[in-house]
Amino acid sequence: MEYNFRSIEDKWQQRWKETNAYKVSNDTAKPKYYVLDMFPYPSGTGLHVGHPLGYIASDIYARFKRLKGFNVLHPMGYDSFGLPAEQYALETGQHPAVTTEKNIATFRSQLDKIAFSFDWSREVKTSDPAYYKWTQWIFLQLFNSYFCNTEKKALPISKLIHKYETKGAMPRNGDPVPGKHFTADEWKAFSKKEQEDILMKRRLAFSSYGEVNWCEALGTVLANDEVVNGVSERGGHPVVKKQMRQWYLRITAYADRLLEGLEKVAFSESMKEMQRNWIGKSQGAEISFELAANNSKLVVYTTRPDTIFGVDFMVLAPEHELVEQITTADQKEAIEKYLTYVKSRSERERMSEVKQVTGCFTGAYAINPFDGRKIPVWIAEYVLAGYGTGAIMAVPCGDQRDYTFAKHFNIPITNIIGDHYKGEEANATKDAVLENSGFLNGLLMKDAIGIAIDKLEEMGIGKRKVNYRMRDAGFSRQRYWGEPFPIIWKDGIAYPLDEKDLPLELPHVEKYVPGPEGEGPLANITEWVNLTPSLSDLTPDPSPNERGAEDQNIPGYFTSSEKEWKNTFLFAKANRKHLTEEEDILWQELRNRKVDGFKFRRQHPVAGYIPDFICLEKNLIIEVDGGYHNEAEQKEFDAARERWLVENEFNIIRFSNDEVKNDIQKVLKTIAEKLNEEKILHSAWSDSPLPGRGVRGEVKRETSTMPGYAGSSWYFLRYMDPHNDKTFCDRKASDYWSQVDLYVGGTEHAVGHLLYSRMWTKVLFDLGLISFDEPFKKLLNQGMITGRSYFLMLDNAAGKKIVSYKKEDALSTSVRLKYGHQFVDNSGRLSKKIFDQQIEKGLFEMPVYEIEWEKDTDGEFIFVKEESEKMSKSKFNVDNPDDLVERYGADTFRMYEMFLGPVEASKPWDTKGIEGVHRFLKKLWRLFFDELKGKIWSDEKASDAELKVLHRSIKKIENDTETFAYNTAVSAFMVAVNDLADLKCNKKEVLEQLLVLLTPYAPHISEELWSALGNNGSILDAAYPVLNEKYLIESEKDYPVSINGKVRTNISIATDLEQPEVEKIVLANEVVQKWLEGKAPKKIIFVKNRMVNIVI
RNA sequence: GCGGAUGUGGCGAAAUUGGCAGACGCACUAGACUUAGGAUCUAGCGGAGCAAUCCAUGUAGGUUCGACCCCUAUCAUCCGCACCA
């Protein structure tokens, strides 16, 4: 009987499927354990060998914990929204939903072959409306929350509104600043829009105009972590800064808690450090400097207020708002020239020429508050507008950038640190004693920092300030394939959709081209975007009462369904064909901008109300009332409607039919007067020339979609309760499963996904929706599997011909067959001789993947180097796991990936070694079955030697598995099987235990042999072997004996002997005698159970 | 430039955390069994040397009876951040 892995693996995969072997219940008395993999983006290229590495690692752990008696949640799903599917759709016209489904099917079949213990009944897909309904729902929670700075947590926005209504927003001390502070009464007097604008500045998910990373090629905005060196992470397209309205997450509010949270999670130090760097907290001070010839003040941020006497110049970012104001007449031209230069440079250029020194003097001077010195004010690119105050005080003796700048522009340098500054470079020390520093003289810099700030605060010209490098996270993308925002814009106000209207599903589109003015493809679908209030809103839903509206007569337009709004739109359109005689008279006078050039529309819906005429520019509504407006009921309704319109800052003039008919000139005069009244010009509209909020009177959907990290920020919660349509995750389920105990994935998500999901978790915790505020207890980063590349270069007589080539086993199968064998000797190494022969035959037409050039001393022919690079399809070094599974089986593949090296380390992929693991499994098989004799295992009692092998293995493998040292665990299996084979051990007693140890690693073969041994139940639920130390105790040990630290011999000594006896035995030994050469040892060191060292 | 990590045979890697450096596997060499070997088994395999022995964990120092392991400097590679004041 041979080890026929194909039939064994097929059989058990089938069996496990039939028995729902991996189904996990939320309802059990067992302790829980949650093992999670970072779910994949289902790309079109399918799985490569790097993918399963983490999945296998987590799968082994999940199975191990299950054997140890835990109820293990080990789910899998797909991060199925994202750019590539949409790019593909742009190129081929295939709907992303279709290609995504296809890719998922491929992934699934590949994953199934490797036999992961995923509970597929819990699968989630972020692009599934049943899933993104809750992504949208959580977005609404973010939208409806603000960060309370006193409680340091998220609270419902209603609490803030209540505060504004009762107390307003007033400063704790000092005078209120107009535009910033307001009283409760002032709040109440604000228009709806003004109030909403203020609230928007506090919401956790908020909309704002800002500078964003705009990628023209992708037609979208990218987050900071999606931009690498000025180009897009995906595709490497140029990225420019652009002003646009965007959604953001107020992650900066959580900066401190995200930092603190790192203390209590088990992430690798480098991972934590990356997050800390990203958050970039720094302590310092804001100092304001008087300007010499100007009333305004210049505020700078510095971490080193102790160096204030060393300030030799100031530098503003070129974009700084004061630049124009302070530039003197004679410097104006130079400054303008410089600004033009700065603007001409792309982000990419600025980044790539980091060390270039540029700048320009403004002509202005600031005054040092302590010694009154005049300090020239410059502008320069090296100061960033977005950090701190966008202005710095430059201390050239202490800061290298300032030093370089001063040298370049010949600005004299003041030395305040004595010998620490040598004049050749800056010294950023904090250990110097200050000189030339007024009241700080003689102080250690470290100590002077606090003293300087105290003094500044006392003088009222500075204060302590903490700064963060992290910015609020851009949360909208001008793309199609993402979660639509459950937001409707009306009159520049963002209204959230009602919960019952979720999910807001993606509409179908024909084309994926960007919309107008940088908007996403959704903007092209007018019937989806444009929402018109409905006539039936006269009986709004929910009713004003239900909404808690103050005025019960004001309809609740914004909660109406989209269908109803559409009806209104159609109704208004129909109305235009049926004007009354009087309406027609007036229309003829108003149309074509006849009245002072103002544009009027007729029968144009405003929410659910369709006025006769409207000038949107001036918010002026003209009504021509027929007879029925005199009826009591209609009068009442008109009044309510009018109140609502006035509240929303519309002006209404009513004319009777008679007025229009009899004196049209008087009517027009009244209208013209009203139009020209200054006060009816609405400020909120005039200050907003930027696109994206719609035009007054229009009701539109938000057309951008959420970024990739939206769905992945909370998916770990959905797995706990994946089919719930009442809530995102039942509280009972999230209380039971709680945090993810083990999270496995790549380091590439260090600052993106991990920070976002940590923030979401904290918000959900603050709002009382879950009971923990860190999502992942322990994070295990699998290393990258790299492909190995070899390069060969050829410089022949005919000119430079460069041939690049990858080592045979790193080539894809097809290329290997075609070319690979031609350049390696029979040891698989590159061979110059063989290569030379190929050259003679003219066989060097190889695909060139990469060009490297290096000259050897003697030659035309140069073998350059071997190097590792990231696995990727484009680099041509991918090995498909399917091929390997097909050839060796899943068990071999799983064990081999683990045997490659430590899980965390990145390592080159090399399939050569897989044979060794495969041999091991065959050797294991032969302990049970003999080719000729068939079954050879027996029920005989195991010997002590055999039990020792077993228990030694239990100890090593259990410990290694627990600590993720899978590579050494695999070698321990090999040692065990080698030893048992040497002992000719075929005893069930031993083998059975070994199978349980093995099943997390190689589930098929262990299940097969387990059942062959006559066990009824599945090995998946067997009990993990228990170590019995008594089998490991030795009576004798081979002690290594060293002379002066060098091992000279081994002597077998009973383990219970103490130093005196041991010394006697050792000194009697002839090898030791020889080294002693008759001398007496100075000292003998004896470590029990370890070694003996004799010092001569 | 800053931060994090890693340097051990031809290759992937071990080393109970200061105690026999190179477990385990690949590759390679020799042999056995075979019609055959891409099956299996046996032996060898860091370098030098016939050998005793000497030299070897990036390099140079140090601590220690003893260092891959701890300390100091230095070089190289990888990853992350990058004019963040």
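Remember, predicted model here, so these are calculated numbers, not experimental data. So that the names make sense, note that chain A is the first sequence line, chain B the second, and so on, each numbered from 1.
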If the plane angle is over 60° it's perpendicular, under 30° parallel, otherwise tilted; pick one for A:Tyr301 and A:Tyr387. perpendicular
Can you see which heavy atom on A:Ala969 is nearest to which on A:Tyr1001, and at what distance? CB-OH, 3.2 Å
Heavy atoms from C-beta onward define the side chain here; which of B:rC83, B:rC24, B:rA27 lies closest to that of A:Arg919? B:rA27
Quick one: which of B:rC54, B:rC24, B:rA85 gets closest to the side chain of A:Trp1075? B:rC54
Is there side-chain contact between A:Met895 and A:Leu998, with at least one heavy-atom pair below 4.5 Å? yes
On RNA chain B, more 5' by nearest nucleotide between A:Gly280 and A:Glu269 is A:Glu269
Taking the same atom, P, in B:rC71 and in B:rG18, what whole-Å distance lies between them? 11 Å
Pick the nucleotide of RNA chain B nearest each of A:Ile914 and A:Asp399; which residue has the one closer to the 5' end? A:Ile914
Minimum-distance nucleotide (side-chain atoms of A:Val1047 versus B:rA21, B:rA15, B:rU53): B:rA21
A:Phe899, nearest nucleotide to its side chain (from B:rA13, B:rA85, B:rC24): B:rC24
Could you go through A:Val1095 and A:Asn1044, starting from their C-alpha distance and side-chain angles, then the distance that decides it, and tell me whether this counts as side-chain contact (heavy atoms from CB on, under 4.5 Å)? CA-CA 5 Å; A:Val1095 188; A:Asn1044 285 340; 3.7 Å; yes
So, is B:rG58 syn or anti if syn means the angle is within 90° of 0? anti
Does a nitrogen or oxygen in the side chain of A:Lys922 sit under 4.0 Å from OP1 or OP2 of B:rU40? yes
Over how many whole Å does the gap from A:Leu384 atom CG to B:rC81 atom C1' extend? 14 Å
Using the 3.5 Å cut-off, write out each protein N or O paired with an N or O of nucleotides 65-74 of chain B and the distance between them.
residue, atom, partner, partner atom, Å
B:rC65, O2', A:Asn1093, ND2, 3.3
B:rC65, O2, A:Asn1093, ND2, 2.5

Measure from the side-chain heavy atoms of A:Arg1090 and tell me the nearest of B:rG3, B:rU17, B:rG25. B:rU17
Specify the glycosidic conformation (syn or anti) of B:rU17, with syn defined as within 90° of 0. syn
From the list B:rC54, B:rA23, B:rC20, which nucleotide is the closest neighbour of the side chain of A:Pro1040? B:rC20
Measuring only the P atom in each nucleotide, how far is B:rC65 from B:rA48? A whole number of Å is fine. 35 Å
Nearest to the side chain of A:Val383, which nucleotide is it out of B:rU16, B:rU53, B:rA85? B:rA85
So which nucleotide does B:rA52 pair with, by the Watson-Crick or G-U wobble rule with both distances under 3.5 Å? none
As a test of reading the structure: which of B:rA85, B:rC81, B:rU53 is closest to the side chain of A:Ser282, going by heavy atoms? B:rA85
Ranking B:rC55, B:rU53, B:rC20 by distance to the side chain of A:Lys1046, first place goes to B:rC55
Counter-base of B:rA14, judged by Watson-Crick or G-U geometry with both distances under 3.5 Å: none
Quick one: look up who B:rA36 pairs with, Watson-Crick or G-U, both distances under 3.5 Å, and put none if it's unpaired. none
How far does the P atom of B:rA21 sit from the matching atom of B:rG58, given to the nearest Å? 16 Å
So which nucleotide from B:rA39, B:rC55, B:rA85 ends up closest to the side chain of A:Tyr301? B:rA85
Rounded distance in Å between the C1' positions of B:rG38 and B:rC26: 15 Å
Nearest-0.5 Å distance, CG of residue A:Leu755 to CG of residue A:Leu262: 8.0 Å
P atoms of B:rU59 and B:rA67, separation to the nearest Å: 15 Å
Paired with B:rU29: which nucleotide, if any, by Watson-Crick or G-U wobble criteria at under 3.5 Å for both distances? B:rA43
Are A:Phe313 and A:Phe405 close enough that their ring centers fall under 6.0 Å? yes
So how far is it from A:Ile251 CD1 to A:Ile279 CD1, rounded to the nearest 0.5 Å? 7.5 Å
Can you tell me if CD on A:Glu269 sees more than 12 non-hydrogen neighbours from other groups inside 6.0 Å? yes
